[in-house]
Amino acid sequence: LNAALDSLTRRIPPGEILTFTKFLLLSVVILPALPDKAFGPFLINPFKTWLVVVAVSAISYGSYVLQRLTRGHGGVILSAILGGAYSSTVTTVVLSKRAAEGEHHHLFSGSILIASAIMYLRLVVLVGLFNHELMIALAPAFLLLAAIAGGTGWLWSHRRDEGGGEVKRELETKNPLELGAAFLFAVLFLAMLAATRLAVAHLGQAGVYGLAAITGVTDVDPFIMSMTQAAGTLTPLQVASASVLIAAASNNLVKGFYARAFSDRKTGNESFWLLAGLAVLGLAPLMWVL
């Protein structure tokens with residue numbers, strides 16, 4: 001046990017341990033003290049807002065810690081799996097930059113697709129924590145998409161590449177438990193919640209769907225988590241489900257453009273078409289949802 005703890009302290013810098021301690025204190029001390037009722041015209045609930053931040057950050061941090069602890073004990077695919085649970089968008093950019101040499105384009109493009117497969121599993125967990133009905137509506141489609149993307153990515157990544165050298169595995173991602181990042185997520189979550197309410201009030205369903213498509217450019221978590229609060233109350237369950245599907249599909253397409261911009265030509269083209277195909281498949285469930 002002492003050897004394991006000593007190894008853990010060597011792998012995780014003291015600054016990151018301190019950050020986790022601060023976050024834990026804020027969660028344990030502040031969260032119970034926040035009022036669990038809605039305020040203002042946008043019906044903002046401070047307790048639920050911070051609870052969302054805690055849940056998203058905890059899942060991201062768990063993946064981040066696993067990346068640090070398994071460094072040197074896997075390959076690019078393991079990086080994609082753990083990175084997808086952290087942030088598939090960040091993982092896509094990092095893997096694309098590392099693929100710039102162009103010697104392992106099948107490996108990297110397949111791994112990028114695997115990261116997006118893990119994104120769907122991550123969303124099932126996060127949505128299920130805050131809205132069981134929305135999770136039930138989305139889970140069949142998301143689990144199927146995860147299986148298709150994961151299986152395709154695995155097979156594609158094992159195609160023969162012309163590069164014969166070893167590939168370093170490490171993903172240099174930023175600690176997701178930095179307090180600034182946590183508060184930024186809270187601000188984005190509240191902004192998405194307010195934007196959703198305004199879109200419903202003034203633009204109707206089309207406005208919500210348009211907002212879902214736009215959020216795919218960056219991080220879809222704040223919008224999707226805002227849907228967990230709006231589904232069944234502010235918006236019908238069908239509208240919320242369709243919005244989440246659109247946001248995830250939009251994000252996949254944008255990640256394809258990121259891969260094209262940051263990687264070599266072969267990896268970029270393969271990643272783009274794989275992610276574009278996943279985006280199209282991700283919209284197919286709309287026929288049943290709507």
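Not measured: the values here are computed from a predicted model.
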task = Tell me, with the steps shown, if V56 and R122 meet side-chain contact (heavy atoms from CB on, under 4.5 Å).
result = CA-CA 10 Å; V56 173; R122 178 174 183 264; 3.7 Å; yes
R260 side chain vs N269 backbone, donor-acceptor pair below 3.5 Å = no
query = Would a distance-only check, ignoring hydrogens and angles, find a side-chain to backbone donor-acceptor pair under 3.5 Å from S157 to W154?
reply = yes
ask   = Once you round to the nearest 0.5 Å, how far does CZ of R160 lie from NE2 of H104?
value = 11.5 Å
ask   = Is I112 reachable from F257 through a run of I, L, V, M, F, W or Y residues, each pair having side-chain heavy atoms under 4.5 Å apart?
value = no
query = Where do F223 and T196 come nearest, in terms of heavy atoms and distance?
reply = CE1-OG1, 3.9 Å
task = Output, in order, the C-alpha distance, side-chain angles, deciding distance and verdict of side-chain contact (heavy atoms from CB on, under 4.5 Å) for L275 and S116.
result = CA-CA 8 Å; L275 290 170; S116 287; 3.4 Å; yes
note = Rounded to the nearest 0.5 Å, the CZ atom of R197 sits from the OG1 atom of T235 at a distance of 9.0 Å
task = Answer yes or no: is there a donor N or O on one side and an acceptor on the other, between the side chain of T228 and the main chain of M225, under 3.5 Å?
result = yes
task = Take L193 and I44 through the side-chain contact (heavy atoms from CB on, under 4.5 Å) test and state the conclusion after the steps.
result = CA-CA 8 Å; L193 190 60; I44 302 300; 3.7 Å; yes
query = What distance separates Y120 OH from L143 CG, expressed to the nearest 0.5 Å?
reply = 12.0 Å
message = Are the side chains of L245 and L283 in contact, using a 4.5 Å heavy-atom criterion?
response = no
query = Do I136 and L286 share a hydrophobic cluster, counting only Ile, Leu, Val, Met, Phe, Trp and Tyr and linking them when any side-chain heavy atoms are less than 4.5 Å apart?
reply = yes
message = Counting C-beta onward and ignoring hydrogens, is there a side-chain heavy-atom pair between L138 and L123 closer than 4.5 Å?
response = no
query = Which residue, I118, T91, L121, forms the side-chain contact (heavy atoms from CB on, under 4.5 Å) with I81?
reply = I118
Side chain S243, main chain V239, donor-acceptor under 3.5 Å = yes
ask   = What's the spacing between N45 CG and D36 CG if we round to 0.5 Å?
value = 5.0 Å
request  = Answer yes or no: does atom NE2 of H158 have more than 12 heavy-atom neighbours from other residues, nucleotides or ligands under 6.0 Å?
outcome  = yes
request  = Step by step, work out the side-chain contact (heavy atoms from CB on, under 4.5 Å) result for L145 and L278.
outcome  = CA-CA 8 Å; L145 289 167; L278 181 59; 4.3 Å; yes
query = If every non-hydrogen atom of P140 is compared with every non-hydrogen atom of A137, which pair is closest and at what distance?
reply = CD-O, 4.0 Å
request  = Please name the pair of heavy atoms, one in A80 and one in L95, separated by the smallest distance, quoted to 0.1 Å.
outcome  = CB-CD1, 4.2 Å
key: Gap between atom CD1 of I114 and atom CG of L155 - 0.5 Å precision   = 9.0 Å
message = So does G216 get a backbone contact from the side chain of N251, meaning a donor-acceptor N/O pair under 3.5 Å?
response = yes
request  = Without swapping roles, check the side chain of S250 against the backbone of A213 for a donor-acceptor pair under 3.5 Å.
outcome  = yes
ask   = Does S271 reach the main-chain N or O of T267 with its side chain, forming a donor-acceptor pair under 3.5 Å?
value = yes
key: Flag side-chain contact, heavy atom, 4.5 Å: H106 against E270   = yes
query = If you take all heavy atoms of A55 and L129, which pair is closest and at what distance?
reply = CB-CD1, 4.1 Å
query = Where is the tightest heavy-atom contact between L134 and A231, given as atom of each residue plus distance?
reply = CD2-CB, 4.2 Å
task = Spell out, yes or no, whether L253 and L211 are grouped together once hydrophobic residues are joined by side-chain heavy atoms under 4.5 Å, including indirect joins.
result = no
request  = Report yes or no: do L203 and I246 belong to one cluster of Ile/Leu/Val/Met/Phe/Trp/Tyr joined by side chain heavy-atom distances under 4.5 Å?
outcome  = no
Student check: side-chain heavy atoms of F142 and V244 closer than 4.5 Å = yes
key: Residue pair W50 / F183, side-chain heavy-atom distance below 4.5 Å   = yes
ask   = Would you say M119 and V124 make side-chain contact, with heavy atoms under 4.5 Å?
value = no
key: Check: W156 and L274 side chains under 4.5 Å, non-hydrogen atoms   = yes
ask   = Just checking, any donor-acceptor pair under 3.5 angstrom between side chains of K255 and S88?
value = yes
ask   = Tell me, do Q229 and V52 make a side-chain contact under 4.5 Å, heavy atoms counted?
value = yes
query = Is T215 reaching over with its side chain to a backbone N or O of A212, donor-acceptor style, under 3.5 angstrom?
reply = yes
query = Could you state the interatomic distance from CZ (F189) to CG (L184), rounded to the nearest 0.5 Å?
reply = 14.0 Å
task = Report yes or no: do V127 and L144 belong to one cluster of Ile/Leu/Val/Met/Phe/Trp/Tyr joined by side chain heavy-atom distances under 4.5 Å?
result = yes
